[in-house]
Amino acid sequence: MFLYLVNTVSIWLCKVGALPHSNIDHAGICPSNPSELVTRIISRLDNLPSSQDAAVQLCTGEVSFARWPCCSLMELLLRYLDVSAPPSTTVLEYLINSTIDQNEKHRLRKLVNDREACGRWLENYWPTLLTALNQFPNSKPDAATLCSLLPKIQARFYSVSSTPMTRSDELQLTVSVVQFLTQNDGKRYGLCSNYLNEIPLGTMLPCFVRSAPSFRLPDDKSAPVILVGPGTGIAPFKGFCDEMAIELHSFRRVNNHFKLRVGFSREKDQRKTYVQDLIREEGRSIPIALMEHGTHLYVCGDVNVAQGVEKAVMAAIKQHYSITEEKAEKFLLTLRDEDRYHEDLFGVLYKTTVLKSCDGNLKTEAGFRNWISSLFN
Ligand SMILES: Cc1cc2nc3c(=O)[nH]c(=O)nc-3n(C[C@H](O)[C@H](O)[C@H](O)COP(=O)(O)OP(=O)(O)OC[C@H]3O[C@@H](n4cnc5c(N)ncnc54)[C@H](O)[C@@H]3O)c2cc1C
């Protein structure tokens, strides 16, 4: 197993209601916006409802907004509307009309019409709705109109790290808390991961589940597996290891059959090691395992790293068997056809300065091994 962590928390969800007991591989979490952020946004809006509890009427022209439940402005902005992503062009266009300041109008028009300028703005500030409102302080958007232009908060998926074989009424998630610095040193916080990191114990959490049948341990329990988990790509492998421990009747027996390789790529005081480096360092053992022992390869995490892993595996096969790139590529395709190359991908994460480094105890290989063992106690 290859691992790579940043700042990660373990979350346990207790299932309430009629959720299936098995075949749950991903949980879709519907986060809420931070209330302080919403309060600050509301303070910048015009034509607020008559009272805090009054339901907002969202409609522009003929279009009615039946997709939102009838609720107060606060609830709408807390639970349904995405205010943490950078504002869309439509919102920026609306801000042009809601400011009387000519200089602000000019700057907003530039963002709307000049893609390069807009790109630089995004790169420098990764602006939330509040950032934009603060940068154009004379804009006074109408509350209902602005809300009608905002997108819905999207649910975020998390791989389930537990197995129903041990705790059938609970789901464990392994969540990397996304906090990063923008180019101009502004702090930004990923919506859902920070929401999960901060919700008080016992909070009712809107979520749904889905299965990922192609990312399960092989039916043949004796088949060897290689698990590559950069960052929170480790998430589903915790459940895999639990399952293997049950199959083999104890984690000690898993440990006897288990080789753990750990790499750190973000620690200042350590050599940067990526999972691709670990694959390279393994030399011929990975090509032999895949080509000659029917091993299954599992890769979970960021799309870019997954591509790097594929390249590293292909290079190892090419080198060890002295074959051409085309042949190595063909072999990987066969591996996929035989359902032995499994991927569970998280999408693309941009590389920016990460605010928090990993927990001090996890900075050494020994500390990391202790942490892994503690997962099984
Ligand atoms: C199938 C699937 C399974 C997943 N499983 C897991 C899992 O088990 N554990 C887990 O932690 N995540 C998992 N993810 C990712 C997860 O769904 C979220 O995308 C992640 O938690 C960020 O969401 P957020 O709301 O906190 O951040 P958002 O509010 O969505 O903001 C993150 C934004 O910041 C950008 N960004 C800039 N710099 C960085 C940086 N340094 N790091 C990250 N983002 C940066 C991102 O590109 C993104 O646009 C999974 C995704 C998928 C699709």
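When a residue number appears, it is its place in the shown sequence, counting from 1. Every number for a ligand or one of its atoms is a count from 1 in the order of the listing.
Residue contacts with ligand 1: Y189 is excluded, as none of its non-hydrogen atoms falls under 4.0 Å. Contact annotation: V177 has no heavy atom less than 4.0 Å from any atom of ligand 1.
A distance of 9.0 Å separates CD of Q307 from CD of E343, quoted to the nearest 0.5 Å.
Around atom 30 (O) of ligand 1, the closest heavy atom drawn from Q154, H26, R156 belongs to R156. The closest heavy-atom contact to atom 22 (C) of ligand 1, among the options D344, V178, N197, comes from V178. Compare F157, W126, F180 by their heavy atoms: the one nearest to atom 36 (N) of ligand 1 is in F180.
Applying the side chain to side chain donor-acceptor pair (under 3.5 Å) rule to D142 yields the partners N47, T145; only residues at least two apart in sequence or on another chain are considered. With sequence neighbours left out, the side chain to side chain donor-acceptor pair (under 3.5 Å) criterion links R280 to D277.
Distances below 4.0 Å separate heavy atoms of R210 from the following atoms of ligand 1: 1 (C). Within the listing of ligand 1, atoms 24 (P), 25 (O), 26 (O), 27 (O), 28 (P), 29 (O), 31 (O) sit less than 4.0 angstrom from a heavy atom of G190. Residue-ligand proximity, A235 to ligand 1, at heavy-atom distances under 4.0 Å covers atoms 8 (O). Each of the following atoms of ligand 1 lies closer than 4.0 Å to a heavy atom of V175: 11 (O). Using a 4.0 Å cut-off to heavy atoms of C192, the atoms of ligand 1 that qualify are 24 (P), 25 (O), 26 (O). Less than 4.0 angstrom separates some heavy atom of L345 from each of these atoms of ligand 1: 1 (C), 2 (C), 52 (C), 53 (C).
Between S176 and ligand 1, an N or O atom pair is found at a separation short of 3.5 Å. The N/O atoms of T174, backbone and side chain alike, include one that comes under 3.5 Å of an N/O atom in ligand 1. At least one N/O-N/O distance between L191 and ligand 1 falls below 3.5 Å.
Counting heavy atoms under 4.0 Å from ligand 1, residue S159 touches it through both backbone and side chain. The proximity of Y158 to ligand 1, defined as any non-hydrogen pair under 4.0 Å, involves the side chain as well as the backbone.
Between E281 and R261 a salt bridge is recorded (basic side-chain N to carboxylate O distance below 4.0 Å). The existence of a salt bridge linking D101 and K105 is excluded, since no basic side-chain nitrogen approaches an acidic carboxylate oxygen closer than 4.0 Å. With salt bridges taken as basic N to acidic carboxylate O contacts below 4.0 Å, one links R336 and E310. Using a 4.0 Å cut-off between a side-chain N of Lys or Arg and a carboxylate O of Asp or Glu, E282 and K259 qualify as a salt bridge.
Side chains of T324 and K318 form no contact here, defined as non-hydrogen atoms less than 4.5 Å apart.
Judged by a 6.0 Å distance limit and a 45° cone about the ring axis, R210 is positioned over the six-membered ring of F157.
The two atoms that bring S139 and T99 nearest to each other are CA-CB, 3.7 Å, heavy atoms only.
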